Amino acid sequence: MARTQLEIFIGLLLVSIAVVVVIYVGFNEENRMAEWTLAQEAGAIEVGADLFEINCSGCHGVKGEGIPGLAPPLSDQFFFTQRLQEVGWEGTLEDYIIATVSTGRSVSTRPDQYVGGGKPAMPAWSQRFGGPLRDDQVHDLAAFVLNWEATALGKAEISELPAPTPGAEEAADPVARGQQVYVRGGCAGCHAIQGISAGVVGPNLTQIGQVAATRQDGVSAEDYIRESVVNPGAYVVEGYQPNIMPQNYGEQFSNQELDDLVAFLLAQE
Amino acid sequence: MIKNLSLQDLRSRALELLDQRVRIITAGMGLKELRAVMRGDPPTEKPNPRYRVHITSFIFHIRPRYYQQASTWFTHTFRLGYFTTLFFIIEIITGLILMIYYVPSPSEAYQSILRLEGNVAFGSMLRDLHRLGAEAMVAFAALHMLRTYLTGSYKKERSFTWLTGVLLLLITLFLSFSGYLLPWDQLAYWAVTIGTSMAESAPLFGNEVNLLLRGAPDIGAGGLLRFYLLHVVLVPLLGIVVLSIHYYKVSREHNISLPARIEEGDLPKDVKKEATQRIDFIPDLLTHEVFLACLTIFAMVVMVAFFYNAPLEHHADPQKTPLDTKAPWYFLWIQGMLKLGDPTLMGVILPTVIFALLFAVPYIDRNPYRMMSKRPVAVTLGLLFVAAVLVLSYMGTPGYGIETPAAIRIVQDLAPEEGVGALREISFEQLEPGIYEVGKTDTTALPPELGLVFIEFERRVNEAEEAGKLPGVQAVMIIEDWQAGLKKVTPRIIWSDPESGDQKTFEKHIFLHRDRGLGGE
Ligand code: HEM
């Protein structure tokens with residue numbers, strides 16, 4: 001066979017194989033697309049979990065269990081079965097979550113449950129409404145919140161780890177203990193401290209140890225912080241509304257907790 | 001009348017009509033002639049109808065009627081220019097189809113890629129083909145340049161061909177680079193941010209160029225649209241124009257060069273005669289080229305069906321600088337240079353000088369000989385240049401020469417921000433909830449896959465401690481059930497800072513979903 005003919009023959013063969021491969025891929029496409037979409041949704045949940053921990057857990061609790069006085073649970077049966085009827089929402093739960101999270105809530109639907117009458121209840125999160133998140137991130141958050149459904153309806157159980165005992169050093173250090181009070185008390189939901197929390201409702205506290213000393217003449221930093229927590233109305237930071245920060249921390253915390261919290265905030269400089 | 005027409009007449013009349021049609025389609029070759037071509041017979045008519053095609057057909061009028069035998073030897077050109085052209089055509093076709101699905105705006109671009117991959121039959125294959133073709137085009141253009149350099153084909157009358165060639169290389173690189181941004185994922189966003197910020201550090205007009213490219217101080221909607229338009233309109237058009245000039249020079253003016261030893265070597269007359277014999281384009285070279293096209297299509301299809309996957313990272317996030325930014329491999333050499341010094345010098349001035357030198361190669365190298373043995377300096381310099389590019393590329397890889405704090409590095413290697421990594425390869429069921437502490441947990445009691453990863457974690461931590469990077473280290477890995485089908489893994493490393501003695505903690509929260517491994521990432 002001459003070279004030309006050999007080339008024609010092999011060329012045809014190669015193209016035929018390529019066509020067979022394409023057909024083979026074609027038969028798998030349905031499957032591939034379904035799996036890919038599932039994996040993509042899984043990826044969205046992973047990203048949403050991360051975002052929730054950073055932005056939302058301070059108010060809604062680390063596992064969406066809610067923090068009394070601050071924000072409602074998002075992982076309980078009520079939220080998945082009755083909340084839509086309660087507010088009269090016509091669309092899906094996903095739409096409700098995306099809409100609520102995107103625009104925030106300037107007025108609570110349950111004012112009696114929140115400190116300060118729930119005004120504002122939740123800041124807007126979508127960049128379109130002045131928040132910090134992109135729409136794809138809001139979508140990922142919704143995917144994550146929706147993924148609580150199985151446990152909320154009792155269709156799945158998840159195990160709990162024994163609460164990690166704080167290391168000996170941590171227990172001895174008031175600043176470390178204060179950080180726990182800060183997170184547990186829900187301060188993280190409203191305040192930002194670099195590396196710890198990212199709340200945007202109240203002033204940034206990353207340098208509060210320094211700022212506090214300059215707030216009021218004749219008032220030491222320590223006293224100012226203590227006052228700000230126990231009696232937030234005493235001095236309202238410029239640019240913020242009074243009565244947003246809960247007024248009852250004085251009753252909620254023990255003296256020890258309060259001391260630790262103040263020590264922790266003083267250390268933020 | 002009907003009676004007069006015998007069956008034979010009818011048949012020959014029909015054939016004649018058919019023959020006419022065929023001649024119109026093939027630009028001059030009749031049925032008989034086509035048959036002769038297929039069988040490898042000589043032309044059936046005079047003048048040779050195979051030459052007429054080169055006059056009447058647009059596509060063929062660009063191609064020479066015949067070549068000199070030796071200039072078509074495979075080991076002389078390796079068909080690298082041809083392959084590059086082929087990839088360019090593949091890019092144009094796949095690119096046009098991709099344009100149907102792609103939306104060039106920051107809020108939609110990434111979603112449109114997701115839809116393409118998850119919702120369009122053959123969408124993933126299409127994207128893989130386009131991406132693979134782009135990488136191949138860059139690689140083959142570069143190899144093609146290396147070949148014309150080594151065979152000395154840029155000399156004398158071919159110096160302008162070389163010049164347009166370097167232009168084509170720049171166009172190819174920019175074509176790839178501008179396409180790189182379009183998926184709007186982390187990979188794209190940061191590679192292009194770094195690329196354009198290099199332009200920014202250019203002296204005098206850097207800021208203006210940067211603004212012009214990005215449309216704003218940072219890449220956003222304006223920048224994406226600009227890159228998109230450059231990628232789908234301006235640069236391909238430029239490419240077509242310059243390629244036409246490049247190839248016109250080759251085909252109309254000086255042909256493909258002969259191998260140097262045929263031109264200059266001390267060979268017997270008859271060897272030279274045989275080497276410079278004519279070889280017609282139709283049919284020999286045409287079938288060969290079609291064959292190569294078939295081979296390329298076959299190779300590409302098999303590659304994308306079984307081996308190659310176009311990467312897609314997380315959605316672009318201007319707030320979140322990735323730990324390891326990766327330039328595309330064909331720009332690693334620049335990234336390598338950037339690690340060596342000042343960005344203005346290394347990122348702008350030196351690359352400009354390098355390309356200026358490339359442009360000027362035919363004018364600098366005045367040595368009239370083409371044989372490698374007669375141009376030792378040029379060949380040595382060329383090979384040194386290739387070696388330098390390879391070494392710089394190696395230095396440009398993310399890990400090289402950048403000290404990431406030990407704790408961060410260990411966790412990043414275990415579970416990188418993008419891609420898979422050992423931790424994500426553990427099957428979901430084996431991620432047994434618990435608190436595991438380096439040095440205390442009995443690794444043999446762990447599920448096997450988790451055990452292996454934990455041993456690796458332990459090894460890295462101990463290694464860093466011995467190297468003095470993590471004195472007094474305490475490391476744990478916490479695995480928690482987080483939601484149905486979702487687990488949270490927290491590697492936490494606590495150590496005392498070697499300088500200040502303060503206690504430091506690094507931890508990362510990694511969420512792993514059961515279905516993540518699907519979809520062949
Ligand atoms: C988009 C990129 C390019 C395409 C599509 C292209 C295409 C071609 C083609 C089809 C040929 C015919 C010979 C062959 O197949 O080897 C050719 C020849 C040539 N090209 Fe390119 N080329 C490109 C880039 C370059 C570059 C980067 C250089 C060097 C700087 C270059 C320099 C040359 C020279 C000197 C010849 C003549 C070779 C000879 O006569 O042996 N080209 N090119």
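Labels below follow one simple rule: chain letters A, B, ... track the order of the sequence lines, proteins then strands, and each chain is numbered from 1. Quick caveat, the model's predicted, so the values are computed rather than measured.
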What I want to check is whether the side chains of [X] and [Y] have a donor and an acceptor closer together than 3.5 Å.
{"X": "B/His513", "Y": "A/Glu46", "answer": "no"}
{"X": "B/Gln186", "Y": "B/His315", "answer": "no"}
{"X": "A/Ser126", "Y": "A/Asp135", "answer": "yes"}
{"X": "B/His509", "Y": "B/Glu507", "answer": "yes"}

Counting only heavy atoms closer than 4.5 Å, note whether [X] contacts chain A via side chain, backbone, both or neither.
{"X": "B/Gln319", "result": "neither"}
{"X": "B/Val37", "result": "neither"}
{"X": "B/Ile510", "result": "neither"}
{"X": "B/Lys487", "result": "neither"}
{"X": "B/Met300", "result": "neither"}

Count the heavy-atom pairs under 4.5 Å between each of [options] and chain B, then report the option with the highest count.
{"options": "A/Val21, A/Leu12, A/Leu13", "answer": "A/Val21"}
{"options": "A/Asp136, A/Thr151, A/Thr37", "answer": "A/Asp136"}
{"options": "A/Val25, A/Asn28, A/Asp140, A/Val47", "answer": "A/Val25"}
{"options": "A/Lys63, A/Glu157, A/Gln40", "answer": "A/Lys63"}

Measure from NZ or CZ of B/Lys504 to the centre of the six-membered ring of B/Trp495, then state whether that distance is under 6.0 Å and the direction lies within 45° of the axis.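 Ring-cation test returns no.
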
B/Arg115 with B/Glu108: basic N within carboxylate O range, under 4.0 Å: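 Here B/Arg115 pairs with B/Glu108 in a salt bridge, since their nearest N and O are under 4.0 Å apart.
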
Option in B/Val302, B/Leu286, B/Val304, B/Leu512 with maximal non-hydrogen atom pairs under 4.5 Å from chain A: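 Most heavy-atom pairs under 4.5 Å with chain A: B/Leu512.
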
A/Thr81 versus A/Leu153: any side-chain heavy-atom pair under 4.5 Å?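 Result yes, sub-4.5 Å side-chain heavy-atom pair found.
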
